[in-house]
Asks: 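I'd like to ask some things about the structure below.
All values below come from the heavy atoms of this structure, side chains included, with hydrogens, waters and symmetry mates left out.
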Amino acid sequence: MPPVIAHHSPRRAALTRLGGIALAALGGASLLACDKLAEATGQRAGFRGIDITGADYGREFRLTDVDGRERTLADFRGKLVLLYFGFVQCPDVCPTALTRAAEVKRMLGPDGDKLQVIFVTVDPDRDTPEMLRQYMAAFDPSFVALRGDAERLKATATEFKVYYKQVPTGSSYTMDHTALSYVFDTQGRLRLALRHEQTAQDYAHDLALLLRPA
(Lines give C-alpha, C1' and ligand atoms only; values in the text may rest on other atoms or scores of the structure.)
Protein backbone atom coordinates (compact mmCIF):
# COMPACT_ATOMS: atom_id res chain seq x y z
CA MET A 1 0.00 0.00 0.00
CA PRO A 2 1.59 3.29 -1.04
CA PRO A 3 2.11 5.79 1.75
CA VAL A 4 -0.04 8.87 2.26
CA ILE A 5 2.48 11.46 3.32
CA ALA A 6 2.11 14.64 5.34
CA HIS A 7 4.59 17.26 4.18
CA HIS A 8 5.34 20.27 6.29
CA SER A 9 6.83 23.49 5.05
CA PRO A 10 9.79 25.04 6.93
CA ARG A 11 7.76 28.18 7.61
CA ARG A 12 4.98 26.26 9.29
CA ALA A 13 7.37 24.16 11.27
CA ALA A 14 9.08 27.24 12.62
CA LEU A 15 5.72 28.58 13.80
CA THR A 16 4.82 25.49 15.74
CA ARG A 17 5.90 24.84 19.30
CA LEU A 18 4.30 22.98 22.15
CA GLY A 19 2.87 26.21 23.44
CA GLY A 20 0.97 26.47 20.22
CA ILE A 21 -1.28 23.55 20.96
CA ALA A 22 -4.21 25.81 20.21
CA LEU A 23 -3.51 25.01 16.60
CA ALA A 24 -5.27 21.75 17.33
CA ALA A 25 -8.58 23.52 17.17
CA LEU A 26 -7.83 25.20 13.91
CA GLY A 27 -7.42 22.23 11.61
CA GLY A 28 -6.47 23.13 8.08
CA ALA A 29 -4.56 20.15 6.78
CA SER A 30 -1.94 20.47 4.09
CA LEU A 31 -1.82 16.83 3.19
CA LEU A 32 -0.65 15.77 -0.20
CA ALA A 33 -2.83 12.72 -0.52
CA CYS A 34 -2.99 9.88 -2.93
CA ASP A 35 -6.66 9.36 -3.66
CA LYS A 36 -5.90 6.35 -5.79
CA LEU A 37 -5.21 4.40 -2.63
CA ALA A 38 -8.71 3.05 -2.16
CA GLU A 39 -8.94 2.08 -5.80
CA ALA A 40 -5.63 0.27 -5.59
CA THR A 41 -6.51 -1.75 -2.51
CA GLY A 42 -10.21 -2.16 -3.05
CA GLN A 43 -12.95 -1.32 -0.61
CA ARG A 44 -15.44 -3.78 0.73
CA ALA A 45 -19.04 -2.71 0.85
CA GLY A 46 -19.90 -0.73 3.91
CA PHE A 47 -16.63 0.85 4.95
CA ARG A 48 -15.72 4.33 3.83
CA GLY A 49 -12.06 3.77 4.65
CA ILE A 50 -9.70 1.23 3.14
CA ASP A 51 -10.49 -2.31 4.19
CA ILE A 52 -7.16 -4.03 4.89
CA THR A 53 -8.52 -6.99 6.81
CA GLY A 54 -6.05 -9.84 6.56
CA ALA A 55 -3.05 -7.63 5.83
CA ASP A 56 0.29 -9.26 6.57
CA TYR A 57 1.64 -6.16 8.28
CA GLY A 58 0.68 -3.98 11.24
CA ARG A 59 0.45 -7.01 13.50
CA GLU A 60 2.19 -5.72 16.62
CA PHE A 61 4.17 -3.00 18.29
CA ARG A 62 6.26 -2.81 21.43
CA LEU A 63 6.76 0.78 22.57
CA THR A 64 6.91 2.81 25.78
CA ASP A 65 4.20 5.08 27.16
CA VAL A 66 4.75 8.39 28.94
CA ASP A 67 4.98 6.60 32.29
CA GLY A 68 7.79 4.38 31.07
CA ARG A 69 5.67 1.26 30.71
CA GLU A 70 6.20 -1.01 27.74
CA ARG A 71 2.95 -1.37 25.81
CA THR A 72 1.86 -3.78 23.11
CA LEU A 73 -1.31 -4.18 21.11
CA ALA A 74 -2.48 -6.88 23.51
CA ASP A 75 -2.80 -4.23 26.25
CA PHE A 76 -5.73 -2.74 24.36
CA ARG A 77 -7.61 -5.93 23.50
CA GLY A 78 -11.35 -5.43 23.86
CA LYS A 79 -11.22 -1.89 22.46
CA LEU A 80 -11.16 -0.44 19.00
CA VAL A 81 -7.73 1.04 18.46
CA LEU A 82 -7.11 4.07 16.25
CA LEU A 83 -3.35 4.26 15.68
CA TYR A 84 -1.65 7.33 14.24
CA PHE A 85 2.00 8.24 13.64
CA GLY A 86 3.01 11.88 14.03
CA PHE A 87 5.00 14.39 16.05
CA VAL A 88 4.26 17.15 18.54
CA GLN A 89 5.63 20.04 16.51
CA CYS A 90 3.55 19.05 13.49
CA PRO A 91 1.89 22.30 12.45
CA ASP A 92 -1.40 21.09 11.07
CA VAL A 93 -1.82 17.49 9.98
CA CYS A 94 -1.29 15.82 13.37
CA PRO A 95 -3.38 18.33 15.36
CA THR A 96 -6.13 17.91 12.79
CA ALA A 97 -5.98 14.12 13.07
CA LEU A 98 -6.12 14.18 16.87
CA THR A 99 -8.88 16.79 16.96
CA ARG A 100 -10.86 14.60 14.59
CA ALA A 101 -10.20 11.54 16.76
CA ALA A 102 -11.61 13.37 19.79
CA GLU A 103 -14.66 14.33 17.75
CA VAL A 104 -15.12 10.75 16.58
CA LYS A 105 -15.02 9.53 20.15
CA ARG A 106 -17.75 12.03 21.03
CA MET A 107 -19.83 11.03 18.02
CA LEU A 108 -19.79 7.39 19.09
CA GLY A 109 -21.69 8.32 22.23
CA PRO A 110 -21.50 5.71 24.97
CA ASP A 111 -19.42 3.52 22.63
CA GLY A 112 -16.76 6.22 22.66
CA ASP A 113 -15.36 4.56 25.74
CA LYS A 114 -14.60 1.55 23.55
CA LEU A 115 -12.22 3.59 21.39
CA GLN A 116 -8.54 3.85 22.27
CA VAL A 117 -6.56 6.43 20.33
CA ILE A 118 -2.81 5.80 20.21
CA PHE A 119 -0.28 8.35 18.95
CA VAL A 120 3.19 7.09 18.04
CA THR A 121 5.79 9.80 17.75
CA VAL A 122 8.12 9.73 14.77
CA ASP A 123 10.25 12.36 16.52
CA PRO A 124 11.35 10.74 19.79
CA ASP A 125 14.40 12.99 20.08
CA ARG A 126 12.20 16.04 20.69
CA ASP A 127 8.99 14.42 21.91
CA THR A 128 9.85 13.73 25.53
CA PRO A 129 7.39 11.81 27.74
CA GLU A 130 6.31 14.99 29.50
CA MET A 131 5.80 16.82 26.23
CA LEU A 132 3.72 13.94 24.91
CA ARG A 133 1.69 13.84 28.11
CA GLN A 134 0.77 17.51 27.75
CA TYR A 135 0.10 17.14 24.06
CA MET A 136 -2.32 14.25 24.52
CA ALA A 137 -4.11 16.05 27.35
CA ALA A 138 -4.82 18.93 24.96
CA PHE A 139 -6.99 16.60 22.90
CA ASP A 140 -8.33 13.91 25.24
CA PRO A 141 -6.81 12.60 28.48
CA SER A 142 -7.62 9.03 27.43
CA PHE A 143 -5.37 9.23 24.38
CA VAL A 144 -2.14 7.29 24.74
CA ALA A 145 1.22 8.44 23.37
CA LEU A 146 3.97 5.94 22.67
CA ARG A 147 7.60 6.36 21.79
CA GLY A 148 10.68 4.26 21.19
CA ASP A 149 14.35 4.73 20.50
CA ALA A 150 15.51 5.07 16.92
CA GLU A 151 15.87 1.32 16.42
CA ARG A 152 12.46 0.46 17.84
CA LEU A 153 10.78 3.27 15.97
CA LYS A 154 12.29 2.05 12.73
CA ALA A 155 11.12 -1.50 13.40
CA THR A 156 7.61 -0.31 14.22
CA ALA A 157 7.41 1.90 11.15
CA THR A 158 8.58 -0.98 8.99
CA GLU A 159 5.94 -3.28 10.50
CA PHE A 160 3.22 -0.74 9.70
CA LYS A 161 4.68 0.33 6.34
CA VAL A 162 4.89 3.85 7.68
CA TYR A 163 7.20 6.41 6.08
CA TYR A 164 8.93 9.11 8.10
CA LYS A 165 11.85 11.36 7.35
CA GLN A 166 13.56 14.25 9.05
CA VAL A 167 13.59 17.33 6.80
CA PRO A 168 16.04 20.19 7.61
CA THR A 169 14.54 23.66 8.04
CA GLY A 170 17.54 25.93 8.52
CA SER A 171 18.65 25.57 12.14
CA SER A 172 15.93 23.04 12.95
CA TYR A 173 13.94 20.34 11.18
CA THR A 174 10.45 19.06 10.55
CA MET A 175 9.17 15.58 9.80
CA ASP A 176 7.45 14.14 6.77
CA HIS A 177 5.39 11.10 7.67
CA THR A 178 2.57 8.80 6.65
CA ALA A 179 -0.76 10.35 7.60
CA LEU A 180 -3.04 7.31 7.57
CA SER A 181 -4.89 6.23 10.71
CA TYR A 182 -4.93 2.49 11.30
CA VAL A 183 -7.90 0.80 12.98
CA PHE A 184 -7.82 -2.46 14.92
CA ASP A 185 -11.00 -4.24 15.95
CA THR A 186 -11.72 -5.36 19.49
CA GLN A 187 -9.94 -8.65 18.80
CA GLY A 188 -6.71 -6.86 17.96
CA ARG A 189 -6.95 -7.47 14.22
CA LEU A 190 -5.89 -4.77 11.77
CA ARG A 191 -9.03 -3.88 9.79
CA LEU A 192 -8.91 -0.42 8.25
CA ALA A 193 -6.66 2.36 7.01
CA LEU A 194 -8.48 5.69 7.18
CA ARG A 195 -7.30 8.54 4.99
CA HIS A 196 -6.47 11.93 6.41
CA GLU A 197 -8.88 13.74 4.15
CA GLN A 198 -11.84 11.73 5.39
CA THR A 199 -14.29 13.36 7.78
CA ALA A 200 -15.05 12.60 11.41
CA GLN A 201 -18.40 11.28 10.17
CA ASP A 202 -16.60 8.83 7.88
CA TYR A 203 -14.42 7.63 10.74
CA ALA A 204 -17.34 7.26 13.16
CA HIS A 205 -19.35 5.38 10.52
CA ASP A 206 -16.63 2.77 10.04
CA LEU A 207 -15.88 2.40 13.74
CA ALA A 208 -19.57 1.91 14.48
CA LEU A 209 -19.68 -0.86 11.87
CA LEU A 210 -16.80 -2.62 13.59
CA LEU A 211 -18.65 -2.46 16.90
CA ARG A 212 -21.72 -4.19 15.49
CA PRO A 213 -22.21 -7.80 16.54
CA ALA A 214 -21.02 -10.23 13.87
Asks: Looking at Val120, Val162, Val117, Val144, which one forms a side chain to side chain contact (heavy atoms under 4.5 Å, CB included) with Leu83?
Replies: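 Looking at Val120, Val162, Val117, Val144, the match for Leu83 under the side chain to side chain contact (heavy atoms under 4.5 Å, CB included) is Val120.
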Asks: Is there a side-chain contact between Arg62 and Arg152 in this structure, where contact means two heavy atoms from C-beta onward sitting under 4.5 Å apart?
Replies: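 The answer is yes; the side chains approach within 4.5 Å.
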Asks: Mind checking whether Thr169 and Ser172 have side chains closer than 4.5 Å, heavy atoms only?
Replies: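 In contact.
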Asks: I need the minimum non-hydrogen distance between Gly86 and Phe119, along with the two atoms involved.
Replies: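 It is C-CZ, 3.3 Å.
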Asks: Please determine whether side chain to side chain contact (heavy atoms under 4.5 Å, CB included) holds for the pair Thr186 and Leu80, giving the CA-CA distance in whole Å, both sets of side-chain angles, and the decisive distance to 0.1 Å.
Replies: CA-CA 5 Å; Thr186 57; Leu80 292 179; 4.2 Å; yes
Asks: Just so I know, are the side chains of Tyr135 and Pro95 near enough to count as touching, which here means a heavy-atom distance under 4.5 Å?
Replies: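 They are in contact (side-chain heavy atoms under 4.5 Å apart), so the answer is yes.
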Asks: Any side-chain to backbone donor/acceptor pair from Asp127 onto Phe87? Under 3.5 Å, distance only.
Replies: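 Absent.
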Asks: Can you name the one residue among Thr178, Leu153, Asp176 that meets side chain to side chain contact (heavy atoms under 4.5 Å, CB included) with Tyr164?
Replies: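 For Tyr164, the side chain to side chain contact (heavy atoms under 4.5 Å, CB included) test succeeds with only one of Thr178, Leu153, Asp176, which is Leu153.
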Asks: So, for Arg126 and Thr174, which heavy atoms are closest and what is the spacing to 0.1 Å?
Replies: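 What the structure gives for the nearest pair is NH2-CA, 4.3 Å.
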Asks: I'd like to know if the side chain of Asp140 reaches the main chain of Ser142, judged simply by a donor and an acceptor atom lying under 3.5 Å from each other, with no hydrogens or angles considered.
Replies: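 Yes: the side chain of Asp140 pairs with the backbone of Ser142.
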Asks: When you measure from the side chain of Arg100 to the backbone N and O of Gln198, does any donor-acceptor pair fall under 3.5 Å?
Replies: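 Confirmed, Arg100 side chain pairs with Gln198 backbone.
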Asks: Between Phe143 and Ile118, is there a side-chain heavy-atom distance shorter than 4.5 Å?
Replies: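 They are not in side-chain contact.
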Asks: Using atom types as modelled and distance alone, determine if a side-chain donor or acceptor of Glu103 lies under 3.5 Å from a backbone N or O of Ala200.
Replies: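 Absent.
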Asks: Within the distance-only criterion (no hydrogens, no angle test), does the side chain of Glu60 pair as donor or acceptor with the backbone N or O of Leu73 below 3.5 angstrom?
Replies: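 Between the backbone of Leu73 and the side chain of Glu60 there is a qualifying donor-acceptor contact (under 3.5 Å).
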Asks: Quick one: list whatever passes ring pair (Phe, Tyr, Trp, His ring centres under 6.0 Å) with Tyr84, sequence neighbours left out.
Replies: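 Counting only residues at least two positions away or on another chain, Tyr84 forms no ring pair (Phe, Tyr, Trp, His ring centres under 6.0 Å).
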Asks: To the nearest 0.5 Å, how far apart are CD in Gln187 and CG in Leu210?
Replies: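 Going from CD on Gln187 over to CG on Leu210, the span is 11.5 Å.
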Asks: Do the side chain of Asp51 and the main chain of Leu192 share a donor and acceptor less than 3.5 angstrom apart?
Replies: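 No, because the side chain of Asp51 does not come within donor-acceptor range (under 3.5 Å) of the backbone of Leu192.
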Asks: Any chance you could measure Leu211, atom CG, to Leu108, atom CG, to the nearest 0.5 Å?
Replies: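 Reported value, rounded in 0.5 Å steps: 6.5 Å.
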Asks: Please answer whether the main-chain N or O of Phe85 pairs with a side-chain N or O of His177 as donor and acceptor at a distance below 3.5 Å.
Replies: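 Looks like yes, one N/O pair under 3.5 Å.
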Asks: Looking at Asp149, is its backbone amide N or carbonyl O close enough to the side chain of Lys154 to form a donor-acceptor pair, meaning the two atoms are under 3.5 Å apart?
Replies: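 Not at all, since once roles are kept as given, no pair shorter than 3.5 Å links the two residues.
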Asks: One pair to check against side chain to side chain contact (heavy atoms under 4.5 Å, CB included): Leu115 and Lys79. What are the steps and the verdict?
Replies: CA-CA 6 Å; Leu115 173 63; Lys79 288 196 170 189; over 6 Å; no
Asks: Tell me yes or no: between the side chains of Arg195 and Tyr203, is some donor less than 3.5 Å from an acceptor?
Replies: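 Looking only at side-chain atoms, Tyr203 and Arg195 do not form any donor-acceptor pair under 3.5 Å.
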Asks: Does one side chain, of Arg191 or Thr53, offer a donor that lies under 3.5 Å from an acceptor on the other?
Replies: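 Short answer, yes.
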Asks: For a quick check under 3.5 Å, do Asp123 and Thr121 share a side-chain donor-acceptor pair by atom type?
Replies: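 Per modelled atom types, Asp123 and Thr121 side chains form no pair under 3.5 Å.
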Asks: Side-chain contact test, heavy atoms from C-beta onward, threshold under 4.5 Å: evaluate it for Thr64 versus Arg69 and give yes or no.
Replies: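 No, too far: nothing below the 4.5 Å cut-off.
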Asks: Looking at Leu194 and Val183, what are the two nearest heavy atoms and their distance?
Replies: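 The pair with the smallest heavy-atom distance is CD1-CG2, 3.7 Å.
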Asks: Give, for atom CG of Asp113 and atom CD of Gln116, the distance between the pair rounded to the nearest 0.5 Å.
Replies: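 Answer for the CG-CD pair, Asp113 versus Gln116, is 10.5 Å.
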Asks: Quick check on Arg77: does its CZ atom have over 12 non-hydrogen neighbours (other residues, nucleotides or ligands) under 6.0 Å away?
Replies: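 Yes, the 6.0 Å shell around CZ holds more than 12 heavy atoms from other groups.
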Asks: Please tell me whether Met107 and Leu207 are part of a single hydrophobic cluster in this structure, the criterion being side-chain heavy atoms less than 4.5 Å apart.
Replies: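 Result: no, two separate clusters.
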Asks: Which pair of non-hydrogen atoms, one from Ala97 and one from His196, has the smallest distance, and what is that distance?
Replies: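 Minimum heavy-atom separation between Ala97 and His196: N-CE1, 4.0 Å.
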Asks: Minimum heavy-atom separation for Ser181 to Leu82, with atom names?
Replies: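 Where Ser181 meets Leu82 most closely, the heavy atoms are CB-CD1, 3.7 Å.
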Asks: Taking the side chain from Arg147 and the backbone from Pro124, do they hold a donor-acceptor pair closer than 3.5 Å?
Replies: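 A pair under 3.5 Å: yes.
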Asks: Given side chain to side chain contact (heavy atoms under 4.5 Å, CB included), test Val88 with Gln134 step by step and report yes or no.
Replies: CA-CA 10 Å; Val88 168; Gln134 294 179 41; over 6 Å; no
Asks: Going from OH on Tyr163 to NZ on Lys165, what distance comes out if it is rounded to the nearest 0.5 angstrom?
Replies: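 Output value for this atom pair is 4.5 Å.
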Asks: Measure from the side-chain N and O atoms of Tyr182 to the backbone N and O of Phe160, and report whether any donor-acceptor pair falls under 3.5 Å.
Replies: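 Looks like yes, one N/O pair under 3.5 Å.
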Asks: Does the side chain of Asp202 reach to within under 4.5 Å of the side chain of Thr199, using non-hydrogen atoms?
Replies: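 The answer is yes, as the side chains (C-beta and beyond) meet within the 4.5 Å cut-off.
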Asks: Between Gly46 and Asp206, which heavy-atom pair has the shortest distance, and what is it?
Replies: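 For Gly46 and Asp206, the tightest heavy-atom pair comes out as O-OD1, 4.1 Å.
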Asks: Quick one: do Arg71 and Phe76 satisfy side chain to side chain contact (heavy atoms under 4.5 Å, CB included)? Show the steps, please.
Replies: CA-CA 9 Å; Arg71 309 298 293 268; Phe76 306 98; 3.5 Å; yes
